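Here's the structure we're looking at; comments come further down.
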Amino acid sequence: MTTVQNIFPVVGNQEVGAEIFILRFHAPAIARSSLPGHFVNIKVDRSYYPLLRRPFSIYDVEGDDVEVVFNIVGRGTEILASKRPGEGLDVLGPLGRPYQFSDVQYSTAVIVAGGLGVAPFPFLTRFLKKEEKQIITFLGAQTEKMLVPKRLANVHLATDDGSAGCQGTVVDLVERYFETTCVEGPKFFGCGPNEMLRALSQRAENLNVPCEVSLECVMACGLGICQGCPVELRGGSVRYSLVCKEGPVYDTSAIVI
Amino acid sequence: MTTVQNIFPVVGNQEVGAEIFILRFHAPAIARSSLPGHFVNIKVDRSYYPLLRRPFSIYDVEGDDVEVVFNIVGRGTEILASKRPGEGLDVLGPLGRPYQFSDVQYSTAVIVAGGLGVAPFPFLTRFLKKEEKQIITFLGAQTEKMLVPKRLANVHLATDDGSAGCQGTVVDLVERYFETTCVEGPKFFGCGPNEMLRALSQRAENLNVPCEVSLECVMACGLGICQGCPVELRGGSVRYSLVCKEGPVYDTSAIVI
Amino acid sequence: MVKTSFRLGEVKFKNRVLVASGTFGYGDDLKDLIDINKLGGIVTKSLSLKRRGGNPPPRIVETPCGMLNSIGLANIGVQEFILKKLPYLRTFETVIVANIAASSVEEYCEVLSMLESAEGVDAYEINVSCPNVKEGGLSFGASCSMTGKITMELRRLTKKPLIVKLTPNVTHISEFARVVEDSGADAISVINTVVGMSVDVRTRKPKLSTVSGGLSGAAIKPIALAKVYECAQVVGIPIIGIGGIMTTEDALEFLIVGATAIQVGTANYIDPSTGVKIVEGMRKFCDQENIDDVGTLVGTLESNKEISVIHSWL
Amino acid sequence: MVKTSFRLGEVKFKNRVLVASGTFGYGDDLKDLIDINKLGGIVTKSLSLKRRGGNPPPRIVETPCGMLNSIGLANIGVQEFILKKLPYLRTFETVIVANIAASSVEEYCEVLSMLESAEGVDAYEINVSCPNVKEGGLSFGASCSMTGKITMELRRLTKKPLIVKLTPNVTHISEFARVVEDSGADAISVINTVVGMSVDVRTRKPKLSTVSGGLSGAAIKPIALAKVYECAQVVGIPIIGIGGIMTTEDALEFLIVGATAIQVGTANYIDPSTGVKIVEGMRKFCDQENIDDVGTLVGTLESNKEISVIHSWL
Ligand SMILES: Cc1cc2nc3c(=O)[nH]c(=O)nc-3n(C[C@H](O)[C@H](O)[C@H](O)COP(=O)(O)OP(=O)(O)OC[C@H]3O[C@@H](n4cnc5c(N)ncnc54)[C@H](O)[C@@H]3O)c2cc1C
Ligand SMILES: Cc1cc2nc3c(=O)[nH]c(=O)nc-3n(C[C@H](O)[C@H](O)[C@H](O)COP(=O)(O)OP(=O)(O)OC[C@H]3O[C@@H](n4cnc5c(N)ncnc54)[C@H](O)[C@@H]3O)c2cc1C
Ligand SMILES: Cc1cc2nc3c(=O)[nH]c(=O)nc-3n(C[C@H](O)[C@H](O)[C@H](O)COP(=O)(O)O)c2cc1C
Ligand SMILES: Cc1cc2nc3c(=O)[nH]c(=O)nc-3n(C[C@H](O)[C@H](O)[C@H](O)COP(=O)(O)O)c2cc1C
Ligand code: FES
Ligand code: FES
């Protein structure tokens with residue numbers, strides 16, 4: 001992986017749900033070295049407000065174009081939503097440690113995504129298909145309009161309000177599925193709010209299924225230099241790992257979520 | 001004059017010169033109570049960077065629409081330049097003390113503008129015509145592309161580089177004009193950089209012609225509450241007047257520029 | 001109905017949102033733009049014994065998310081205030097706090113006495129960020145003993161609420177808070193502006209005529225919050241939180257760390273109705289969170305005391 | 001050709017732009033992104049005697065034009081630094097400044113001694129914004145006598161340039177600057193972060209696990225400039241200006257008020273090449289202004305001394 005920083009041209013910015021956008025920019029250098037689970041760190045404009053870059057998972061790579069998906073939650077994403085094709089975008093990436101999708105220990109990738117936690121999975125799905133893994137995808141959100149069920153395989157939906165798929169949390173849906181269905185050589189690939197990842201990690205442990213998740217946390221640099229993004233490691237004494245550098249993808253057996 | 005603060009819709013934003021824009025917004029409440037020399041104070045966006053409003057002279061009023069003219073000099077004007085019709089604009093105005101254009105003491109309005117100092121004069125010209133005053137306009141800038149010689153009457157141009165009109169400063173041009181031409185009952189109406197206004201004020205004194213100028217200075221509130229915008233008054237001891245409230249238009253006999 | 005009022009001694013404030021000294025003039029300039037009666041209180045521009053013209057320009061410069069000022073306490077003087085401004089100011093249904101500045105202890109006393117004999121001032125706020133002429137211009141507010149002395153002397157002269165406004169430009173603001181409390185103040189205001197400066201690199205001149213000035217606005221909010229919190233750990237008297245408050249959320253942060261009320265400063269320049277909007281915003285927030293008295297938010301910060309040592313490793 | 005270099009004792013810096021402690025790691029993480037050899041110097045993350053895991057999350061929160069951090073000086077410890085990082089760091093053609101943190105005077109001495117025996121460190125920067133364990137955790141940097149003592153003890157142990165990094169969280173930073181100069185330091189770095197905090201109003205929890213933290217970034221530039229200027233009025237040793245430097249213009253402001261060199265901090269997080277860009281930008285500025293040595297800018301502020309009283313009326 002070679003990390004680069006540059007101004008890349010936006011080639012598209014499409015609203016695909018309730019204040020949810022897929023932003024596409026032309027960045028051959030990033031496209032070439034990205035893997036599923038990597039993220040990019042975007043400076044939304046030249047202002048000092050917001051001051052810091054904003055991290056986004058790589059949603060997909062098509063040719064020399066890179067995509068991210070995001071919803072408007074604050075000033076940074078509000079500015080991102082206003083980007084138009086032709087404008088320049090200051091991107092640093094790819095960053096982080098990707099999902100370990102190619103190991104031979106498992107045969108079915110069980111993708112579990114909460115809300116915008118769907119972000120890394122279209123790109124992962126591409127690679128899983130190349131690896132000829134089975135794929136089952138569970139996707140949950142508060143309501144139908146917050147689901148982005150695109151470019152995934154074998155999708156099962158859950159919404160808190162029952163507006164699409166089953167009513168309930170996505171982890172509950174996974175649990176019920178595993179109760180009734182025999183999944184061959186499963187491995188969980190999770191991404192979403194910490195609460196959901198905690199629940200997933202618990203289920204994975206109970207089911208004795210390997211589980212990798214991509215964590216979110218506040219980041220200042222994304223490069224391993226500020227020490228601002230710790231996650232606690234399991235084990236006796238308190239030790240931390242830096243999410244931006246050693247993560248954002250972790251095997252849940254290694255960390256305290 | 002009733003000052004209002006509100007979000008008004010932009011109805012136009014046209015580039016009319018080198019990074020010079022005329023921004024038009026629909027603001028009946030402001031249009032109704034504006035007079036030439038008044039200014040509006042614009043919050044360019046909701047960000048805290050820039051933090052403060054930006055003052056702009058009222059360039060013209062047409063029906064319920066108000067216009068300002070500006071060039072890009074920093075972050076605030078850069079953001080203003082990106083405004084598109086339909087967007088909301090947070091404007092506070094009208095503010096300040098207008099030009100005293102209707103007094104009967106003079107019969108020829110001699111308008112002298114340096115660069116974007118042309119801003120208050122299309123609007124003033126309208127009123128002068130209604131008052132049936134004679135008008136002579138002198139407009140100067142560094143170069144042709146920085147001249148905005150629109151909606152003025154009887155215009156004489158000067159540029160530093162000679163790319164349009166006479167080469168030299170606008171005040172020199174005025175001086176030469178007065179040497180060769182007999183102007184009946186003149187009064188100067190000036191606006192531009194302080195250096196130019198100082199020169200104009202000097203000439204006015206020499207010629208014994210009344211002279212009003214609109215001053216620029218950094219402002220925090222524009223409302224007379226921060227005391228941030230002093231100009232020194234002529235007279236024995238040091239006394240200040242607040243440009244935003246008692247100005248921006250002053251008779252040059254009253255102030256130290 | 002959410003309860004919004006609070007008391008300082010005999011004085012009842014209808015809500016916890018005041019406007020800060022120097023950022024609202026004497027109230028009269030803004031009467032047509034906002035409904036002043038909706039504010040909890042107005043703190044006047046600092047009043048000095050004699051009228052002050054203020055510093056030469058430039059007095060203002062913008063900085064990232066903030067601004068520097070060096071006004072030089074330009075004000076009309078206490079006498080003219082009493083004659084020309086107070087009668088009108090009194091007509092508003094809000095608490096009038098007269099802010100006092102001076103360059104000697106005696107002068108502070110004199111100004112307060114003049115205001116005592118006039119009618120219409122409800123409370124006093126003392127600006128101690130003023131140069132002590134007898135000590136070569138060192139700020140009163142940077143000396144614990146001077147700050148205590150001013151408080152004690154003024155306390156003798158009035159039964160009205162006496163609020164001392166602390167400067168953040170000291171090592172331990174809590175020491176000042178304690179001294180002021182012990183000297184009889186009814187409340188403290190925290191904070192005044194933070195010393196800062198800015199330079200024009202082309203002309204190599206400072207962007208303020210006085211070289212340095214006072215930093216205010218959103219940029220200083222984190223500093224102000226830490227100062228209020230520090231004071232709240234040591235004093236029992238109410239704290240009025242000030243510094244970079246632009247929104248309801250900002251104001252709530254101050255209440256949570258221990259401020260009984262807040263003042264809106266620089267935000268008034270950008271939107272004079274900020275205070276009124278925050279009054280409304282606080283009410284809404286309480287409705288949403290099922291809080292029946294804004295006051296129950298005060299000092300409710302939930303912190304893990306184990307790791308919350310203020311002067312710890314950063 | 002514009003001259004950009006300067007000397008601190010025996011050590012020559014190729015230019016006046018360094019990267020600040022804690023904002024560049026140990027250099028190795030950024031080697032592929034920027035040309036480190038173009039920098040005047042690298043200041044390492046603070047090194048403590050033992051490896052430190054750091055504070056619990058959250059450690060970072062953004063604020064208007066700034067950020068708060070409470071890292072807890074997470075670092076690999078001096079021993080591991082010497083073994084694992086220093087050999088590589090030395091290969092760069094830039095000055096390596098080891099920044100030292102400790103919780104007792106003895107510990108400062110021990111860490112410095114270990115670095116003295118290793119090879120490759122060119123200079124030391126002492127982070128005194130650390131809790132003094134013997135004084136109940138009060139910051140060394142808030143005590144003039146402790147700051148002087150640390151300087152004096154360390155001075156005995158090394159002939160290499162000794163730079164003491166001052167905290168802005170004191171009433172008169174110039175007093176500290178003077179004491180540090182008198183105690184034998186070769187230079188001072190001004191400033192470390194400003195204490196601040198931030199609160200989540202929904203959860204009523206502080207946004208940093210340690211409640212308060214250190215404010216950095218563009219927001220603090222005016223404060224940092226004022227502190228550098230204050231120090232420049234009283235000391236003769238070089239000052240390294242730090243605080244909110246994002247652009248060449250920011251850096252020039254610091255030189256003009258009296259800094260011999262500058263450090264880029266938070267800006268590295270946003271653009272790791274900020275320092276390199278400023279090196280280039282300074283050169284360009286000097287070209288434009290017909291300046292043949294960047295050093296001639298240092299301390300050239302033109303101010304009207306008559307009205308430039310630091311603690312005057314605001
Ligand atoms: C490795 C990584 C990958 C991510 N990938 C995506 C993605 O693909 N799509 C996407 O929409 N978001 C993603 N995020 C989260 C995204 O970075 C934040 O939503 C974004 O920074 C918010 O910026 P803002 O300025 O709009 O909001 P802010 O104004 O900064 O914050 C708004 C709200 O969001 C919360 N918030 C801010 N930053 C984060 C964060 N890093 N994690 C969790 N909550 C936060 C704040 O506490 C606040 O409540 C990712 C985060 C990380 C660390
Ligand atoms: C009463 C009044 C009326 C004005 N009318 C107009 C107008 O009609 N058209 C127009 O283009 N401009 C006008 N100006 C100036 C205009 O307000 C500034 O150009 C604008 O604020 C710059 O904002 P910015 O964020 O783009 O630049 P900034 O980033 O704030 O500043 C860029 C540069 O411009 C200088 N500058 C900033 N504000 C001012 C100011 N108020 N006066 C002089 N220099 C300043 C700064 O020192 C800096 O060098 C007026 C100013 C006043 C006080
Ligand atoms: C232009 C200006 C003038 C001020 N004048 C005074 C004053 O006269 N007396 C005083 O006690 N505080 C004065 N202040 C300080 C404010 O009351 C307030 O304490 C400070 O600005 C911090 O709050 P803010 O960030 O909300 O503005 C002034 C502030 C500004 C910006
Ligand atoms: C996340 C972070 C970590 C820091 N770590 C250290 C440190 O270990 N030692 C130190 O002396 N200063 C440390 N600093 C302070 C910086 O070196 C610098 O003095 C301060 O951030 C102000 O400069 P800036 O505004 O350019 O960032 C740190 C700053 C930040 C933001
Ligand atoms: S975000 Fe800076 S080390 Fe991870
Ligand atoms: S700009 Fe505030 S008083 Fe004039």
Side-chain angles (χ1 to χ4, degrees), chain B residues 1-7 29 33 41-55 74-76 90-96 194 215-233 235-247 255-257, chain C residues 19-34 42 44-46 51-76 207-209 213 215-219 221 244 246-247 250 265-274:
Chain B
M1 173 180 74
T2 320
T3 302
V4 298
Q5 181 202 343
N6 218 327
I7 312 288
S33 55
N41 218 351
I42 300 180
K43 184 76 181 93
V44 299
D45 68 11
R46 286 186 300 136
S47 166
Y48 301 150
Y49 183 71
L51 181 70
L52 300 171
R53 288 177 182 271
R54 295 290 186 261
R75 227 187 121 65
D90 181 349
V91 187
L92 177 63
L95 296 163
N194 272 353
L215 296 182
E216 274 196 16
C217 79
V218 180
M219 292 183 175
C221 71
L223 292 162
I225 55 175
C226 77
Q227 308 272 335
C229 58
V231 60
E232 198 181 325
L233 293 173
S237 61
V238 177
R239 283 182 317 128
Y240 296 108
S241 166
L242 296 179
V243 172
C244 72
K245 197 176 155 186
E246 291 149 311
I255 54 169
V256 184
I257 302 176
Chain C
V19 285
S21 179
T23 68
F24 212 74
Y26 309 101
D28 47 348
D29 285 309
L30 297 173
K31 64 183 195 305
D32 296 332
L33 274 169
I34 70 159
I42 297 179
T44 69
K45 175 76 192 165
S46 278
R51 147 179 213 296
R52 289 180 56 88
N55 290 332
R59 292 182 182 174
I60 295 276
V61 54
E62 210 175 317
T63 66
C65 292
M67 62 176 275
L68 287 165
N69 87 79
S70 165
I71 303 299
L73 286 184
N75 79 96
I76 55 176
K207 287 192 178 172
L208 293 176
S209 67
L215 185 64
S216 66
K221 190 187 68 171
M246 315 297 288
T247 65
D250 296 338
T266 299
N268 287 313
Y269 301 151
I270 299 144
D271 179 359
S273 64
T274 305

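Being a predicted model, the structure only gives us computed values, none of them experimental. First the proteins, then the strands, lettered A, B, ... as listed; each starts at 1.
- Ranked by heavy-atom pairs under 4.5 Å with chain B, the first of C:Thr266, C:Leu30, C:Asn75 is C:Leu30.
- Among the candidates C:Pro64, C:Ser273, C:Gly27, the residue making the largest number of heavy-atom pairs closer than 4.5 Å to chain B is C:Pro64.
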Inset, instruction - Run the numbers on B:Val218 and C:Lys207 for side chain to side chain contact (heavy atoms under 4.5 Å, CB included), then give the verdict. - result: CA-CA 11 Å; B:Val218 180; C:Lys207 287 192 178 172; over 6 Å; no
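- Expressed to the nearest 0.5 Å, how far CG of C:Asp28 lies from CD1 of B:Ile225 amounts to 10.5 Å.
- If you measure heavy-atom distances from B:Val231 to chain C, you find no contacts under 4.5 Å at all.
- No salt bridge links B:Lys43 with C:Asp271; every basic N to acidic carboxylate O contact stays at or beyond 4.0 Å.
- C:Arg59 contributes no side-chain N or O that, together with a main-chain N or O of B:Pro230, makes up a donor-acceptor pair within less than 3.5 Å.
- To the nearest 0.5 Å, atom OG1 of residue C:Thr247 and atom OH of residue B:Tyr48 are 5.0 Å apart.
- Taking each heavy atom of C:Tyr269 and B:Cys221 in turn, the nearest pair found is CD2-CB, 3.5 Å.
- Across all their heavy atoms, B:Cys226 and C:Ile60 have their closest contact at SG-CD1, 4.3 Å.
- The shortest non-hydrogen separation linking C:Pro57 to B:Tyr240 is CD-CE2, 3.8 Å.
- To the nearest 0.5 angstrom, C:Glu62 atom CD is 11.0 Å from B:Arg75 atom CZ.
- How far CZ of B:Arg46 is from CE of C:Met246: 13.0 Å, rounded to the nearest 0.5 Å.
- Distance CG/B:Leu223 to CG/C:Asp32: 11.0 Å, rounded to 0.5 Å.
- In this structure, the portion of C:Leu33 lying under 4.5 Å from any heavy atom of chain B is its side chain and not its backbone.
- Taking all atoms of both residues into account, the shortest heavy-atom contact from C:Ile270 to B:Gln5 is O-NE2, 4.4 Å.
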